[in-house]
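Below, read A as the first sequence line, B as the second, and so on, with proteins coming before strands; counting in each chain starts at 1. Just so we're clear, the structure is a prediction, and the values are computed from it rather than from any experiment.
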Amino acid sequence: MPAVRGDGMRGLAVFISDIRNCKSKEAEVKRINKELANIRSKFKGDKTLDGYQKKKYVCKLLFIFLLGHDIDFGHMEAVNLLSSNKYTEKQIGYLFISVLVNTNSDLIKLIVQSIKNDLGSRNPVHVNLALQCIANIGSKEMADAFGSDIPKLLVSGETMDVVKQSAALCLLRLFRTTQEIIPGGEWTSRIIHLLNDQHMGVVTAACSLIEALVKKNPDEYKGCVSLAVSRLSRIVTASYTDLQDYTYYFVPAPWLSVKLLRLLQHYPPPDDPGVRGRLNECLDTILNKAQEPPKSKKVQHSNAKNAVLFEAISIIIHSDSEPNLLVRACNQLGQFLSHRETNLRYLALETMCLLATSEFSHEAVKKHQETVINALKTERDVSVRQRAVDLLYAMCDRSNAEEIVQEMLNYLETADYSIREEMVLKVAILAEKYAQDYTWYVDVILNLIRIAGDYVSEEVWYRVIQIVVNREDVQGYAAKTVFEALQAPACHENMVKVGGYILGEFGNLIAGDTRSAPAVQFQLLHSKYHLCSAATRALLLTTYIKFINLFPEIKSQIQDVLKSNSNLRSSDAELQQRASEYLHLSVTTTTDVLATVLEEMPPFTEKESSILAVLKKKSGRMSAQEAQREARVQAREGNAAPATEKAQNAQLKTKPSSNAAFPIPQLNNSTSADLLGLSTPPATQNSIQSNTGVLVDVLGDLYGGGGTNTHNGTTTPASLSMSGATDNIKKFVCKNNGVLYENDIIQIGIKSEFRQNLGRIGVFYGNKTSMPLQAFNPTVSVGPGQQGKVTVQVKPVEPSIDAGAQVQQLVNCECIEDFNGLPDLTVGFTYGNVPQRLALHLPLSCNKFFEPTDMNGESFFARWKNLSGPLQEAQKIFKATGPMETASIKTKLLGFGMQLLEGIDPNPENFVCAAIIHTRTQQIGCLLRLEPNRQAEMYRLTIRASKESTAQILADLLAEQF
Amino acid sequence: MQFMLLFSRQGKLRLQKWYEAHPDKVKKKITRELISTILARKPKMSSFLEWKDLKIVYKRYASLYFCCAIEQQDNELLTLEVIHRYVELLDKYFGSVCELDIIFNFEKAYFMLDELMVGGEVCETSKKNVLKAIAAQDLLQEVSYGDTAYEL
């Protein structure tokens, strides 16, 4: 048993020895229980214990607690010790309280008085004991009880230095729980001036307090900047002998230096040129000293010196205004990258990540790319390799992206399991961000799945699908590449998912090649089917039904699979449901309906890459770095806006669609039109045109080619990526959603819904550029054709749209009576100081207020005969401008808003429809007959309406659609 | 600094100091996790690691590990030197300190730490001043107890 210092407690030492001699855990527990019983009986016993015994037992309890056992008594005895007049007893009482008492304990109330007494003591040792205890507990009760005493203690001229030090930090601790504790006014200046104190210890403690105060209220404390700079200057220029005991291994006051540098990072570079100059001199000197030969070989010397250096670099990065210092800092860190101390390599990599975000040092950081890649390969410590990955990620830009991504992929093959997931996310983000060519992006992601399939999260493979769906130019390549990747005998399930989705959408693009003929594609996918989880099988079933549409020649083969017992009677309800629904869909529907239902997916909408969000969530460090990076990048691009990538991203971002990552046709909620009240937000998966309510609209094409692209998915959404302006207003007569207008700067999308005589139109303005659109002001006005007949109410929007951002404007409208033409939509803004004005129309035509009406042939003809007034009928004969296909004609008529009445017209080639227009004042019954003449490529359109004038309006609108 | 832990190579906790309030359960969980993480690391590895949103700085002295949790903006290298200064103080006080000194005089180790750090921030970095403060405490003890002998 070693000698016990001071006033030994022999009983305690014996007890500790006993515990240490226990041969087993059980023996130890037994010994402890025996001791606990003993102490309990002593505390409960009649005999009053003297101070020493109380102290001894409290100390034993403390020891037992520190061994990891719970202690639920002895608190009162400890509280009693606080008021002992023997210091050593008091001290143990305080220790017990500090270690064992939780902030919310009822005991706090009991100890406040004792602490108050000690705080008022003449003996500084007692005062410090009290202050340390308050700081240890640091609760709100403590702040309430002592909030007024401690600030006084801190600035009073009579307080001794040791007490001031504790008081400063005690106040800091209380400030963290209760911000109001710091008095303002004249106190501010008195606290700031502690930086000038003679005693280095007081300055060190006060500096921590001031830093916390500055964080909350930088303006009030900005006087500290010049004081901190001059204090720092004095330390930096001091010889190591000047500061005596505050020199640590030949480094003058490293703790205070670091704290001062940290404090200054809460402010921008000082405005006063004198102060600023002095600060830069300090930083210069610190960088110079790093190059001097060490004054000692001890690691303590180099650690202390480099601690100051890293803090100086940190402030240089923070100010981001002195190119010379930034580059010097970068070179210094570059030296550390190959230092033999692992700690320095670690910190250099970490700090360089921040330097990489500064425009002044980004290029300088890139010079070290090879060393960093090397670190990835040779470092033996995974946490250092992790930092190297972070740095590669941070230094990546367009110029080196391919190389860095390739190196990261190489490393991924052998990387530690703990960092794989984060690496996969990083690679995916870089590949997307810097892809000049999306075929490269597709290759990278498929490689990720191949190398580290288990670590590829859903977000990553969702994202590659989103990008392929949105980018026509890469679809064929993606289909070919996944097809090849699926040939591998052992193929990760994520690859099957991506492959399944992409071939289901775009398999037709490679079906011309006999090596990837429809049957081959299907067999390849199906060979993986039985090895996959239920979720993947469900996805593959959707691919199969899509194949039936793309490749009618393999329909029976696929139907056999759907029919098989393992699917149709699968124990998995989802698989069973899909198999049977898809089977029925393929058997009962016509090819036209099938084509419409299984049409190619419309483009996805996206605000920010969801992968980035995952990465940010993964670690606090990452989100801080990302935030800084983003801020820097934005600042940079605000000045000069190159970056075509931004524009590309913006284009991906602004398409107003709303699909979940893999929307699957849910046949059972296909008739959900009634679910849609006008209060439903417009952008939801289920927002069906309220006047139809058939499945077609759930999956219907939202963009581009209108209702015509139903054939094998070969007609892709048209003309979105074309430069120059496209105005799609005419197409909106027969549809409610899609891109209204697009040029190089802006994309305007529409999502609208109507019910009865009310409607709501969401107008989405997407900024495709990398600069904000200023003075943004869209206005809607009704023209003479609509004056008094329709009302529009426009919600105002913010006057600026950020680069790549999208804003939504809601327009509520009401039909009062039938109207002609469309309201005007004028969009004004300035782009790069050039005012722009777009004169467009709001897609709000009279037919939007149609409600489809079903009726049998008898009543149709009866009504038709009734509406025989000369102005009740309008007839137009016109030449067809597009192909005269039944499916597309039907789609247009449905889109126009009328009920298609089949089997009524004696001639099956003809179409008849019925609907009611709802206005505030009346309901207008409308009937339609459309007679195509395929030989002559002509149409005859006849419309009859119960209100005169309406028939002509409708005929004019519809005639332009064919 | 959020907390400091001292533990042995066998994974036994010797001292714990928390500068942020946590329920006991959480403290135990954190302690367990960190001890096993750090003991699994090899000698040449860096003394720093990421842990949740904190940075862990640790160093081994003989059979004892000293481990501190600091916040993102805190300085890792200087935290290593806080540990070193603490070790120096213990060494000076006990005279080549060993693990047993800290086991048997754990309360002294706490008192010493309270002089070096208050509320998680460095309070006094001068070795001389800390030792002076501890000596002043010991003096008070001897004044009180100099002439009294107690039985067990």
Does some side-chain heavy atom of [Y] sit less than 4.5 Å from a side-chain heavy atom of [X]?
X        : Y        : result
B:Lys28  : A:Asp70  : yes
B:Phe104 : A:Ser17  : yes
B:Leu80  : A:Asn343 : yes
B:Met45  : A:Arg380 : no
A:Tyr87  : B:Leu139 : no
B:Leu78  : A:Pro254 : yes
B:Gln16  : A:Val99  : no
B:Val118 : A:Gln165 : no

Nearest-0.5 Å distance, [atom1] of residue [X] to [atom2] of residue [Y]:
X        : Y        : atom1 : atom2 : value
B:Asp114 : A:Asn128 : CG    : CG    : 9.5 Å
B:Glu50  : A:Gln386 : CD    : CD    : 7.0 Å
A:Ser302 : B:Leu77  : OG    : CG    : 7.5 Å
B:Ser126 : A:Trp255 : OG    : CH2   : 10.5 Å
B:Gln73  : A:Arg262 : CD    : CZ    : 5.5 Å
A:Leu129 : B:Phe111 : CG    : CZ    : 7.5 Å

Portion of [X] that has a non-hydrogen atom of chain A nearer than 4.5 angstrom:
X        : value
B:Lys25  : neither
B:Glu121 : both
B:Lys128 : both
B:Arg85  : both
B:Lys17  : side chain
B:Lys132 : neither
B:Ile103 : both

For [X] and [Y], work out which heavy atoms get closest and say how close.
X        : Y        : value
B:Asn75  : A:Ala307 : ND2-O, 2.9 Å
A:Ala135 : B:Gly119 : CB-N, 4.2 Å
A:Ser383 : B:Arg41  : OG-NH2, 3.3 Å
B:Ala136 : A:Val125 : CB-CG2, 4.1 Å

Residue among A:Val308, A:Val382, A:Thr342 with most heavy-atom pairs under 4.5 Å to chain B: A:Thr342
So for [X], is it side chain, backbone, both, or neither that comes closer than 4.5 Å to the heavy atoms of chain B?
X        : result
A:Asn123 : side chain
A:Leu347 : side chain
A:Gln91  : both
A:His199 : side chain
A:Cys207 : neither
A:Ile16  : both
A:Arg345 : neither
A:Leu67  : neither
A:Val162 : neither

Whether B:Phe106 and A:Phe63 hold their rings parallel, tilted or perpendicular, with breakpoints at 30° and 60°: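 It falls in the tilted class, 30° to 60°.
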Steps toward side chain to side chain contact (heavy atoms under 4.5 Å, CB included) verdict (A:Leu62, B:Glu107): CA-CA 9 Å; A:Leu62 199 48; B:Glu107 77 282 10; 5.8 Å; no
Side chain A:Arg173, main chain B:Tyr19, donor-acceptor under 3.5 Å: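 A pair under 3.5 Å: yes.
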Side chain to side chain contact (heavy atoms under 4.5 Å, CB included) assessment of B:His84 paired with A:Tyr249: CA-CA 11 Å; B:His84 187 74; A:Tyr249 289 86; 3.1 Å; yes
Distance-only donor-acceptor check, side chains A:Gln132 and B:Glu115, under 3.5 Å: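 Looking only at side-chain atoms, B:Glu115 and A:Gln132 do form a donor-acceptor pair, the distance falling under 3.5 Å.
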Any side-chain donor near an acceptor of the partner, B:Glu124 and A:Tyr246, under 3.5 Å: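 Side-chain D/A pair, B:Glu124 to A:Tyr246: present.
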CA sep, side-chain torsions, deciding dist, call: B:Lys59, A:Val299, side chain to side chain contact (heavy atoms under 4.5 Å, CB included): CA-CA 12 Å; B:Lys59 187 159 181 177; A:Val299 69; 4.1 Å; yes
Stepwise side chain to side chain contact (heavy atoms under 4.5 Å, CB included) test for B:Ser47 and A:Tyr346: CA-CA 9 Å; B:Ser47 309; A:Tyr346 177 101; over 6 Å; no
Salt bridge A:Glu341-B:Lys44, side-chain N to carboxylate O under 4.0 Å: no
Residues A:Lys259 and B:Asp74 bridged, charged N to O under 4.0 Å: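 Salt bridge between A:Lys259 and B:Asp74, a charged N being under 4.0 Å from a carboxylate O: no.
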Heavy-atom pairs under 4.5 Å with chain A, option from B:Val122, B:Asn129, B:Leu49, B:Leu54 with the top count: B:Val122
